[in-house]
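Presented below is the structure to which this report refers.
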Amino acid sequence: MLSQKMEQALNQQLNAELYSAYLYLSMAAYYSSINLNGFANWMTVQNLEETMHGMKFYKYINERGGRIKLEQIETPPHTWSSPLEVFEETLKHEEKVTGLINNLVDLAIAERDHAANAFLQWFIIEQVEEEASANEIIQNLKLAGNDPHALFMLDRELGTRVFTPPAAGE
Ligand SMILES: [Fe+2]
Ligand SMILES: [Fe+2]
């Protein structure tokens, strides 16, 4: 059984993951509005990944006999000043989420909830990847600078990203 504190913390993270999904969907819409459809594609895939993260928490709370409590999802920002600013905000957001996951692990350790700790390790690894990919795109955008051709090539590349659904049981 989950402790009440852990149940509440996992529910908060479920909300945070769904907010992430909402944020990236808003970013996808921004990119579509400036005709960067490859960037928009990357963000819609990111949206699906975050929804999947949310569902991992949802399933885990259920599995441990906890009770899901859905809370209001905060309104994400609606517009940005440049394609680069969007990814700078993405990185900042992912760094914040990394902190949230670390806090959850701290709680699991404090409560000697080894199962929750093991469950959370997937997210520890995932956050390293999330930060690295946002960082890489920031570097690419900085290299592209004001060169429309370079931006076009990057847009094409990001347009190839596809969502891989988790394997059954994952
Ligand atoms: Fe996530
Ligand atoms: Fe993320």
Side-chain angles (χ1 to χ4, degrees), residues 2 6-32 36 38-64 66 68-80 83-109 113 115-141 154 157-170:
L2 287 172
M6 184 60 77
E7 182 190 79
Q8 195 185 18
L10 292 171
N11 267 300
Q12 271 169 8
Q13 192 60 33
L14 166 56
N15 183 273
E17 298 294 342
L18 295 182
Y19 172 75
S20 299
Y22 222 30
L23 173 66
Y24 295 133
L25 191 59
S26 188
M27 288 173 169
Y30 163 75
Y31 279 128
S32 289
L36 285 173
F39 282 86
N41 171 69
W42 194 95
M43 284 296 174
T44 56
V45 172
Q46 194 66 8
N47 163 266
L48 293 172
E49 282 210 347
E50 298 298 354
T51 305
M52 188 247 311
H53 294 170
M55 286 311 292
K56 273 182 183 278
F57 281 98
Y58 177 98
K59 285 178 193 154
Y60 188 71
I61 295 165
N62 261 336
E63 222 169 48
R64 293 287 305 276
I68 311 288
K69 192 165 175 244
L70 296 177
E71 301 276 1
Q72 191 171 347
I73 302 168
E74 197 191 318
T75 304
H78 167 72
T79 195
W80 290 268
L84 174 61
E85 198 202 9
V86 178
F87 267 95
E88 283 171 340
E89 191 175 323
T90 296
L91 179 59
K92 239 192 263 160
H93 180 68
E94 289 300 335
E95 286 168 349
K96 190 178 140 196
V97 172
T98 300
L100 296 176
I101 300 287
N102 287 341
N103 290 342
L104 279 172
V105 173
D106 287 345
L107 179 63
I109 291 169
D113 187 339
N117 189 0
F119 164 75
L120 289 164
Q121 294 306 308
W122 185 90
F123 286 93
I124 294 282
I125 309 291
E126 173 69 11
Q127 283 310 117
V128 174
E129 232 175 83
E130 292 274 66
E131 288 186 28
S133 57
N135 218 341
E136 190 187 330
I137 297 168
I138 288 172
Q139 299 316 315
N140 288 341
L141 276 165
L154 190 54
E157 190 191 318
L158 298 184
T160 63
R161 185 183 184 195
V162 288
F163 175 65
T164 319
E170 244 187 74

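Counting starts at 1 for both ligands and their atoms, in listed order.
The backbone N or O of E95 sits nowhere less than 3.5 Å from a side-chain atom of Q127 that would complete a donor-acceptor pair. In this structure, the side chain of Y60 engages the main chain of A116 through a donor-acceptor pair within 3.5 Å. Under a 3.5 Å cut-off, the side chain of T90 and the backbone N or O of V86 do form a donor-acceptor pair. Proximity of a side-chain donor or acceptor of N117 to a complementary backbone N or O of A108 within less than 3.5 Å is not detected.
Centroid-to-centroid, the aromatic rings of F57 and F119 come within less than 6.0 Å.
Below the 2.8 Å limit, the Fe ion (ligand 1) has as protein N, O or S neighbours E17 OE1, E50 OE1, H53 ND1.
Residues meeting the side-chain hydrogen bond (donor to acceptor under 3.5 Å, both in side chains) test with E131, sequence neighbours left out: T98.
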